[in-house]
Amino acid sequence: MNLSCKGKVLISTPDASRDLFYRSVVLIVEHDQNGALGYILNKKFSKQIRPIKIGNFFQFELQCGGPVDVTKFSIIGKNPPVTNDFIPINNTHYLTADWDTVIQSISDGDTMLIDYKIFYGHSSWAPMQLDYEIQNKLWIVIDTNFDFTLQADERLWKEMMAGLGGEYLIWANAPDEISHN
């Protein structure tokens, strides 16, 4: 394994396949000799389901974390954690599956809904797989102060590519279907 990408963001390059990861921005929450775990930040869950509503107080949309383990929810929250069952991502965010404690914290007014992003499924890589993909330029790795709890927006990929400048500006401004150029 090269350097860990934990807490960093991956931006898919135009060389990436036209699958779920096409024009994706992925937050890596774990990356070690056992592989990597991440969540797609800019894709909403594509199935036609209603936003989840808790009581009469709040509702939120599910984000598509990735194609793996799509029967489980995960939550990225802003620090400080409201539960003891969490994985720190960086100095500002954490990952948990402790749904009940997060909902209770929001209901009690200790935190706000905007402090969280709820994911259905996740993205994972086998040992050395992510390193291989980065080496083969399928991903651009960046450090960022981005708020990982912002709602999904398809424009995020384009904005981040444009922010890289240079050759990436061309790809940021290219049409989704390159043959339409």
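- Listed here is the closest heavy atom pair of Arg23 and Asn42: O-ND2, 2.9 Å.
- Atom CG of Asn91 is surrounded by 12 or fewer heavy atoms from other residues, nucleotides or ligands within 6.0 Å.
- Put simply, the side chain of Leu37 does not reach to within 4.5 Å of the side chain of Ser123, judged on heavy atoms.
- The main-chain N or O of Asp110 is never found under 3.5 Å from a side-chain atom of Ser105 such that the two would form a donor-acceptor pair.
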Report task. Show your working on side-chain contact (heavy atoms from CB on, under 4.5 Å) between Trp139 and Val26 and close with a plain yes or no. Result -> CA-CA 10 Å; Trp139 299 102; Val26 180; 3.9 Å; yes

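- In this structure, Leu164 and Ile140 have side chains that are in contact, with non-hydrogen atoms separated by less than 4.5 Å.
- Taking the six-membered ring for Trp and thresholds of 30 and 60 degrees, Phe119 and Tyr39 have ring planes inclined between 30 and 60 degrees apart.
- The aromatic rings of Tyr120 and Phe73 lie tilted to each other, with the angle between the two planes from 30° to 60°.
- Leu20 and Pro67 make their closest contact through CD2-CD, 3.6 Å (heavy atoms, listed as atom of the first residue, atom of the second, distance).
- Note: Phe21 and Trp125 have tilted aromatic rings, judged against thresholds of 30 and 60 degrees for the angle between ring planes.
- Side chain of Asp98 to main chain of Asn84: no donor-acceptor pair is present (N/O by atom type, distance under 3.5 Å, no hydrogens or angles).
- Distance alone, capped at 3.5 Å, is enough to place a donor-acceptor pair between the Gln129 side chain and the Ala126 backbone.
- Under a 3.5 Å cut-off, the side chain of Asn90 and the backbone N or O of His93 do form a donor-acceptor pair.
- Considering CG of Leu27 and CD1 of Ile89, their distance stands at 5.0 Å, rounded to 0.5 Å.
- Once rounded to the nearest 0.5 Å, the distance linking CG of Asp69 with OG of Ser74 reads 8.0 Å.
- Judged purely by atom type and a 3.5 angstrom limit, Asn136 has no side-chain atom pairing as donor or acceptor with the backbone of Leu138.
- At distances below 3.5 Å, at least one donor-acceptor pair connects side-chain atoms of Ser12 with backbone N or O atoms of Ser24.
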Task: Step-by-step side-chain contact (heavy atoms from CB on, under 4.5 Å) determination, Val102 to Asp100 - done: CA-CA 6 Å; Val102 168; Asp100 293 333; over 6 Å; no

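- The closest side-chain heavy-atom distance from Pro81 to Thr96 is not below 4.5 Å.
- At least one side-chain heavy atom of Met161 sits under 4.5 Å from a side-chain heavy atom of Ile11.
- The number of heavy-atom neighbours closer than 6.0 Å to CG of Asp108, taken from other residues, nucleotides and ligands shown, is above 12.
- A salt bridge links Lys78 with Asp147: the distance from a Lys NZ or Arg NE/NH1/NH2 to an Asp or Glu carboxylate oxygen falls below 4.0 Å.
- The heavy-atom pair separating Tyr94 from Val82 by the smallest distance is OH-N, 3.4 Å.
- In this structure, Ile87 and Glu30 have side chains that are in contact, with non-hydrogen atoms separated by less than 4.5 Å.
- Contact of the Leu10 side chain with the Ile28 side chain is registered, since non-hydrogen atoms from C-beta on lie closer than 4.5 Å.
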- Item | Chi angles and distances behind the side-chain contact (heavy atoms from CB on, under 4.5 Å) call for Thr149, Ile114 | CA-CA 7 Å; Thr149 60; Ile114 61 171; over 6 Å; no

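- In terms of modelled atom types and a separation under 3.5 Å, the side chain of Thr13 and the main chain of Lys137 share a donor-acceptor contact.
- Formation of a donor-acceptor pair under 3.5 Å by the Lys117 side chain with backbone atoms of Leu62 is not found in this model.
- Thr101 OG1 to Ile106 CD1: the interatomic distance, rounded to the nearest 0.5 Å, is 11.0 Å.
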Which is it for Gln63 and Lys43 under the side-chain contact (heavy atoms from CB on, under 4.5 Å) test, yes or no, and what are the steps along the way?
CA-CA 6 Å; Gln63 308 302 131; Lys43 308 253 174 141; over 6 Å; no

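- Looking at Asp115, its side chain does come within 3.5 Å of a backbone N or O of Met112 through a donor-acceptor pair.
- In this model, a donor atom of one side chain and an acceptor atom of the other lie less than 3.5 Å apart for Thr111 and Tyr116.
- The minimum heavy-atom distance between Ala36 and His31, with the atom names listed, is CB-CD2, 3.7 Å.
- Looking at Leu156 and Leu41, their side chains come closer than 4.5 Å, going by heavy atoms from C-beta outward.
- Between the CZ atom in Phe148 and the CG atom in Leu150 there is a gap of 10.0 Å [rounded to 0.5 Å].
- The two atoms that bring Lys8 and Ile142 nearest to each other are CB-O, 3.4 Å, heavy atoms only.
- Within the 4.5 Å cutoff, the side chain of Trp99 has heavy atoms near those of the Ile118 side chain.
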